[in-house]
Trainee: 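Submitted below is the structure of interest, expressed as structure tokens.
Below, chain A is the first sequence line, B the second, and so on; all start at residue 1.
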Amino acid sequence: MKFRSIKGTKDILPGESEKWQFVEALIREVMHEANYREIRTPVFEETALFQRSIGELTDIVSKEMYTFRDRSDESVTLKPEGTASVLRAYIQYNLGEQSPLTKLYYIGPMFRQERPQAGRLRQFHQFGAEALGSSSPQLDVEMMLIPLEVCRRLGIGSVTLKVNSVGCEKCRPAYRKRLVQELMAVYDQLSEESKTRVKQNPLRVLDSKDERDRAATRTAPLMKDFLCDECRMHFAEVERLLKETKTPYEIDGRLVRGLDYYTKTAFEITSAALGSQDALAGGGRYDLLVHELGGKPTAGVGFAAGMERLMIILEKLGQSPDPHIRPDLYIAAADNAARRWAFRFAHQLRQKGVAADLDYLGRSLKAQMREANRQNARYVIVIGDKELATGKAKLKKMESGQEEEVLLTDLASKLA
RNA sequence: GUGACCAUAGUUCAGUCGGUUAGAACGCCAGGUUGUGGCCCUGGAGGUCGUGGGUUCGAGUCCCACUGGUCACCCCA
């Protein structure tokens, strides 16, 4: 009986972890340039936070959360997305009182208990941002530009930005009523899942992939044609900014995201390089959410993007960064006295910033050379009686095979 | 949660009609060179054929169940 990682979870092994570090560093750079500050929230929260923010009727809350009772019988949940926690912290620490606009970003693991498939895991990683305190459409567009910029710098060109407006509390109820009427007229032709959605969340029927639903809703009214003046102007401004920044986009009047809290802008970035789970990032505006979670009424926008999906695209496009993790120096020891010395010397070099390694297995010199080669070490020195006596050694450059006589005391400054 | 496909060495895979000791490549270890890597040559280690049951004289091979993986549905990052 061997232990295995739990279904839907993955280990990020050496060789891959370096790629993650590279991508994460790039994300932090882009976030920094747009002046977003990092926030790190706990991986779990009290269950009610997600129920209230994401919405009881959503798939995430109704069937995908990792929820359990802790030892004091408290119901806790591993976070299925990042926004709820960020807003909880924003409210808890009164961040809105310190400045009228707060720009935050995060990178971290999320959990959803779904059946794993290509681009979908039970523990996955997202990076995302939230801007709290402004209803400016500039921030809506900033949220689209950030993940697009990350893609651009990674050499990912083939992405599609889809944008829609889902209206607000003023215009959505009337539209919703109208839509339900239309859907009831074709009720019999809808898929089973859509039938239940007609009452619970009719907008979602529109973005069903089911052919029957597609056909039945072909002429259904779209939210973007029923927006109130404010929402319509907001959406027009988003479009204008996208054009001004020369950002290619499509309007998708059926785009509705799976979280209930969105108002006005909703968007999604997809890639054909992904499998059936083709969304790389998604986001939108949520002007009611902070108030709903107990804070002062505060406008907000955000996005979240999938790290694993980003890595899949990079791999597929052959753009995957090459990790060159390599020791500067491998110290090969010819005898036991040299082995003892080598450990001490490696320690001194490391303190001076030189990445140095040595043999811990008592192997032959030939095996040590092979190891140095496998580790892709930049240089090797071989230490024996002669070197310990004279304080000089041949420094071998592995790539060329050329050797150069050096003083051991000079080595650190030479390699650092 | 539903469905389809898959499971043989560290890895990627062969394995005939059910038949004797389960193979290859790469990787790993050692030697060829008693103080020098890669290339080459030689040798070696490494397998509960996912697990459990069944059919059969005999199962890696056929049947069933389970577990795991992959992909799709659903939904989403």
Side-chain angles (χ1 to χ4, degrees), chain A residues 1-10 13 54 57-64 79-83 106-128 147 191-194 196-197 201 204 207-211 213 255-259 267-271 274-283 302-313 330-335 338 359 361 363-387 393-403:
Chain A
M1 184 63 61
K2 272 197 296 187
F3 288 115
R4 298 178 50 88
S5 54
I6 285 174
K7 183 202 279 276
T9 68
K10 272 210 158 62
L13 301 174
I54 300 168
L57 300 174
T58 60
D59 285 27
I60 292 176
V61 171
S62 64
K63 53 189 191 193
E64 295 171 3
K79 59 183 173 188
E81 57 108 40
T83 302
Y106 59 86
I107 305 180
M110 307 290 164
F111 307 83
R112 290 182 204 171
Q113 188 161 4
E114 299 181 86
R115 192 79 166 255
Q117 74 184 78
R120 188 163 80 190
L121 292 168
R122 289 184 170 186
Q123 175 175 343
F124 57 103
H125 298 79
Q126 290 185 334
F127 66 96
S191 66
E192 286 310 309
E193 279 155 75
S194 288
T196 63
R197 273 195 201 117
N201 194 342
R204 298 285 304 286
D207 73 355
S208 166
K209 281 184 213 158
D210 193 292
E211 280 307 322
D213 296 334
L255 176 68
V256 182
R257 318 230 57 257
L259 301 91
F267 69 93
E268 202 166 83
I269 296 171
T270 59
S271 165
L274 289 168
S276 154
Q277 307 303 317
D278 65 350
L280 176 62
F303 82 91
M307 292 283 294
E308 281 82 0
R309 292 186 183 177
L310 202 55
M311 303 306 287
I312 288 172
I313 299 173
Y330 194 90
I331 306 165
D335 56 43
D359 173 59
L361 300 175
R363 286 185 286 189
S364 68
L365 196 64
K366 179 184 176 128
Q368 293 182 60
M369 289 304 294
R370 208 166 33 231
E371 184 63 26
N373 187 59
R374 189 192 351 254
Q375 298 293 337
N376 197 20
R378 218 181 294 274
Y379 293 96
V380 169
I381 45 167
V382 177
I383 301 299
D385 292 342
K386 194 175 58 194
E387 287 78 9
K394 291 220 167 71
L395 179 66
K396 179 167 184 173
K397 183 167 190 162
M398 291 297 274
E399 206 175 302
S400 63
Q402 285 185 344
E403 294 189 322

Trainee: Given rA77(B), is OP1 or OP2 found less than 4.0 Å from the side-chain N or O atoms of R122(A)?
Mentor: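 For rA77(B), OP1/OP2 do not have a side-chain N/O of R122(A) under 4.0 Å.
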Trainee: Considering only heavy atoms from C-beta outward, does the side chain of D59(A) approach that of E64(A) to under 4.5 Å?
Mentor: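 Side chain of D59(A) against side chain of E64(A), heavy atoms only: contact under 4.5 Å found.
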Trainee: Between N or O atoms, less than 3.5 Å apart, protein on one side and nucleotides 30-33 of chain B on the other: list the pairs.
Mentor:
unit_1, atom_1, unit_2, atom_2, d
rA30(B), OP2, R370(A), NH2, 2.3
rG32(B), N7, K366(A), NZ, 3.3

Trainee: What does R112(A) touch in the nucleic acid at a heavy-atom separation under 4.0 angstrom: a base, only the sugar-phosphate, or nothing?
Mentor: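 The residue R112(A) makes base contact.
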Trainee: In whole Å, measure the gap between the P atoms of rA7(B) and rC64(B) for me.
Mentor: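 About 15 Å, rounded to a whole number of Å.
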Trainee: Of all the heavy-atom pairs spanning E114(A) and R122(A), show the shortest one and how long it is.
Mentor: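 Residues E114(A) and R122(A), closest heavy atoms: O-NE, 2.7 Å.
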Trainee: More 5' along RNA chain B: V256(A) or K396(A), using each one's nearest nucleotide?
Mentor: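 Upstream on the strand: K396(A).
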Trainee: Determine the interatomic distance between C1' on rA9(B) and the same-named atom on rC28(B); round to the nearest Å.
Mentor: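 That atom pair is separated by 11 Å.
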Trainee: Nearest to the side chain of R120(A), which nucleotide is it out of rC76(B), rC73(B), rU2(B)?
Mentor: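 Out of rC76(B), rC73(B), rU2(B), the nucleotide with an atom closest to R120(A)'s side chain is rC73(B).
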Trainee: With rounding to the closest Å, how many angstrom separate the P atoms on rA24(B) and rG43(B)?
Mentor: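 Comparing P positions in rA24(B) and rG43(B) gives a spacing of 12 Å.
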Trainee: Spell out, as yes or no, whether a donor-acceptor pair under 3.5 Å connects the side chain of S62(A) to the backbone of T58(A).
Mentor: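 Indeed, once roles are kept as given, a pair shorter than 3.5 Å links the two residues.
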Trainee: If you measure from the C1' atom in rC74(B) to the same atom in rU2(B), how many Å do you get, rounded?
Mentor: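 Nearest-Å result for rC74(B) against rU2(B) at atom C1': 9 Å.
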Trainee: Identify, between K10(A) and A305(A), the residue whose nearest nucleotide on RNA chain B lies closer to the 5' end.
Mentor: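 Looking at the nearest nucleotide for each, K10(A) comes out on the 5' side.
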Trainee: Below 4.0 angstrom from OP1 or OP2 of rG50(B), is there any side-chain N or O of R4(A)?
Mentor: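 Checking rG50(B) against R4(A), no side-chain N or O comes under 4.0 Å of OP1 or OP2.
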Trainee: Scan E387(A) against the nucleic acid and name what it touches under 4.0 Å (heavy atoms): base, sugar-phosphate only, or nothing.
Mentor: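 If one applies the 4.0 Å heavy-atom cut-off, E387(A) turns out to touch a base.
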Trainee: Between rG23(B) and rG15(B), how far is it from one C1' atom to the other, in whole Å?
Mentor: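 Pairwise C1' distance, rG23(B) against rG15(B), rounds to 7 Å.
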Trainee: Report the nucleotide, chosen from rA77(B), rA72(B), rU36(B), that has the shortest atom-to-atom distance to any side-chain atom of Q117(A).
Mentor: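 Comparing rA77(B), rA72(B), rU36(B) against the side chain of Q117(A), the answer is rA72(B).
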Trainee: Using a 4.0 Å heavy-atom cut-off across all strands, classify G401(A) as base, sugar-phosphate, or nothing.
Mentor: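 If one applies the 4.0 Å heavy-atom cut-off, G401(A) turns out to touch a base.
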Trainee: In whole Å, what separates the P atom of rA59(B) from that of rC71(B)?
Mentor: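 Roughly 35 Å separates the two P atoms.
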Trainee: Among the nucleotides rC75(B), rC73(B), rC76(B), which one has an atom lying closest to any side-chain atom of S276(A)?
Mentor: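 Of rC75(B), rC73(B), rC76(B), rC73(B) is nearest to the side chain of S276(A).
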Trainee: Please examine the side chains of M110(A) and P80(A), heavy atoms only from C-beta on, and report whether any two atoms are closer than 4.5 Å.
Mentor: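 No, their side chains stay 4.5 Å or more apart.
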Trainee: Using the P atom as the point on both nucleotides, what is the distance between rA22(B) and rG10(B), in whole Å?
Mentor: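 It works out to 16 Å between them.
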Trainee: Checking all strands, does A304(A) fall into the base, sugar-phosphate, or nothing category for heavy-atom contacts under 4.0 angstrom?
Mentor: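 A304(A): backbone/sugar contact only, no base atoms under 4.0 Å.
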Trainee: Which value, in whole Å, describes the distance between the P atoms of nucleotides rG46(B) and rG37(B)?
Mentor: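 Between the two P atoms, the distance is 28 Å.
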Trainee: Which nucleotide, rG35(B), rA72(B), rG37(B), lies nearest any side-chain atom of L365(A)?
Mentor: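 Shortest atom-to-atom distance from the side chain points to rG35(B).
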Trainee: Would a 4.5 Å heavy-atom cut-off, applied to side chains only, mark E371(A) and R363(A) as touching?
Mentor: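 A side-chain contact under 4.5 Å exists here.
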